[in-house]
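Each chain gets a letter, A, B and so on, in the order its sequence line appears, and its residues count up from 1. Please read all numbers here as calculations on a predicted model, not as lab measurements.
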2 protein chains.
Amino acid sequence: MVDDELGVRRALQRGLTAEGMDVVTAADGPSALELAGTGSFSVILLDIMLPGLSGYRVLERLRADGVRTPVLLVSAKDGDYDQADGLDLGADGYVVKPFSFVVLAAQVKALLRRGADEGAGVLRVGELEVDRGAREARFSGEPLPLSPREFAVLEALASRPGSSVSKDELLRAAWGDEQAATRNAVEVYVGYLRKKLEAAGAGELLRTVRGHGYLVAAP
Amino acid sequence: MVDDELGVRRALQRGLTAEGMDVVTAADGPSALELAGTGSFSVILLDIMLPGLSGYRVLERLRADGVRTPVLLVSAKDGDYDQADGLDLGADGYVVKPFSFVVLAAQVKALLRRGADEGAGVLRVGELEVDRGAREARFSGEPLPLSPREFAVLEALASRPGSSVSKDELLRAAWGDEQAATRNAVEVYVGYLRKKLEAAGAGELLRTVRGHGYLVAAP
DNA sequence: GGGTGCTCTCAGTGCGGTCTCAGCTTCCGG
DNA sequence: CCGGAAGCTGAGACCGCACTGAGAGCACCC
């Protein structure tokens, strides 16, 4: 957590620690960069109003250095700085001072949760394995050759086993942009996946939830 | 979403709908209270500057009535009203006008996510299970094949077990828009549900409350 | 330049789902 | 016991969803 005011650091450290988090603080941009560069954090809470090196600059440098840690920006009350700018620079959230601690904690938790999901190595659903690191899928040990797009769709589905994922969510997860393709593209790719899954013996793994989307679950 | 300006309502409704949310609007305090009292919302977006009954009062009444739905307050730009007051009254977040839509959506999503965790997955009424994640219903373990509309109706009923739900509320919950269909459609779908429930052995689960609506309760 | 694999759109098909209508049954007050 | 209102239900028309095969466009590789 990066803030130049001692009082803010103390208060937030106490509050977040009470929520079960480990908190490390920094008071200025350079030390924040140094700490963040170690890559050993799950979330960075970054004040924009810092003496010397502003929070924007810190964020910019971090992203330029390839640090992907989620960043929650904290801004001063008056809107001289634009939230959209921060989000464009790669921030994952934005909180305006003075903020409700509950909301702040909720945002941090949401980012933590997301990070925990993304970081996981191998997803398993029944006999199916989705190896996010190797970008490879296997069924009962046998490799399952998938194109990049097919893999992305399967990954999105397998990350929420037993839960239905809508076509719009799949577009967002596997295409990145909801506008990039039509819903029919999703149907086509589910068709491809099914063909390959059935050939591997995974018949009923990928089910249709009519009117909503699809889900993967062990039979 | 409660706001007295038609333009704001339209803009937010379009934007939030594009984010995949179902939005119902109200223009003043009393109708907001009436709608919110049904308890069928995940988040309430509440403008403070309302003619007649202010947002603060609406919030106060809601909490006094035991409505726990998360509330995101929206204030005018100048700080005549204090955020702390709103938070003390039981608000879960605060956004200052003029706000960035991206930020507003992010806050709403954060609240939705939190609510989704709490209200997670499976509603249970006696032997009946309504799995919101998989969009599937089960009775004594056996899957109960339902069409999307049937599922939506059952979900709305099961989310308030033992409590009568009016046909208009069901229209709002399962059709999204009160005008989308007639009340007779509700009767028809309750009929479909009853047929399938009886076939599964769930006889008296779905009862009629003459002159009002329907309710599900364990026998 | 031809070949290959991937992506995505398009148009067509079949079927399940949705919803209205009209007639019927049930309920309840008088 | 009657009549009207509320609720129920079978029939049927319409519609849009899910799926599929064909193929165009594209990048990459010999």
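The side chain of B:T182 has C:dT20 as its nearest neighbour among C:dT7, D:dG7, C:dT20. The side chain of A:W175 lies closest to C:dC8 when the candidates are C:dC8, C:dT20, C:dG17. Among C:dC8, D:dT9, C:dT18, the nucleotide with an atom closest to any side-chain atom of A:Y192 is C:dC8. Which of C:dC19, C:dT9, D:dG7 sits closest to the side chain of A:N184 comes down to C:dT9. Taking only side-chain atoms of A:A185, from C-beta outward, the nucleotide of C:dT9, D:dC8, C:dT7 with the closest atom is C:dT9. Set against C:dT7, C:dT18, D:dA18, the side chain of B:S147 has C:dT18 as its closest nucleotide. When the nucleotides C:dC8, C:dT18, C:dC6 are ranked by their closest atom to the side chain of B:P148, C:dT18 comes out on top. The A:Y189 side chain lies nearest to C:dT7 when the options are C:dC21, C:dT9, C:dT7.
Atom CZ of B:R194 has more than 12 neighbouring heavy atoms from other residues, nucleotides or ligands inside a 6.0 Å radius.
A:R210 comes within contact range of at least one nucleobase, with a heavy-atom separation under 4.0 Å. At a threshold of 4.0 angstrom between heavy atoms, the contacts of B:R183 with the nucleic acid are absent.
The distance from atom CG of B:L193 to atom P of C:dC19 is 13 Å, rounded to the nearest whole Å. Remark: P of C:dT25 and CD of B:E187 are 17 Å apart, rounded to the nearest angstrom. Atom-to-atom, CD of A:E198 to C1' of D:dC19 comes out at 13 Å; the value is rounded to the nearest Å. The OH-P distance, from B:Y214 to D:dA6, rounds to 13 Å in whole Å. The CG atom of A:D168 sits 11 Å away from the P atom of D:dA18 (whole-angstrom rounding). One can place CG of B:L146 at 14 Å from C1' of C:dG16, the figure rounded to the nearest angstrom. With rounding to whole Å, A:R194 atom CZ is found 9 Å from D:dA18 atom C1'. Following rounding to the nearest Å, B:K196 (NZ) and C:dG16 (C1') show an atom-to-atom distance of 10 Å.
Counted by atom type alone, B:R63 and B:T69 present zero donor-acceptor pairs between their side chains at under 3.5 Å. Between the side chains of B:E169 and B:S166, a donor-acceptor pair is found at a separation under 3.5 Å.
Applying the ring-ring contact (aromatic ring centres under 6.0 Å, His included) test to residues at least two apart or on different chains, the pairs with a partner in residues 192-219 of chain B are B:Y189-B:Y192.
Using a cut-off of 4.0 Å between Lys/Arg side-chain N and Asp/Glu carboxylate O, A:E198 and A:K196 are scored as not salt-bridged.
Dashed line: the shortest gap from a side-chain N or O of B:K167 to OP1 or OP2 of D:dA6 is not under 4.0 Å.
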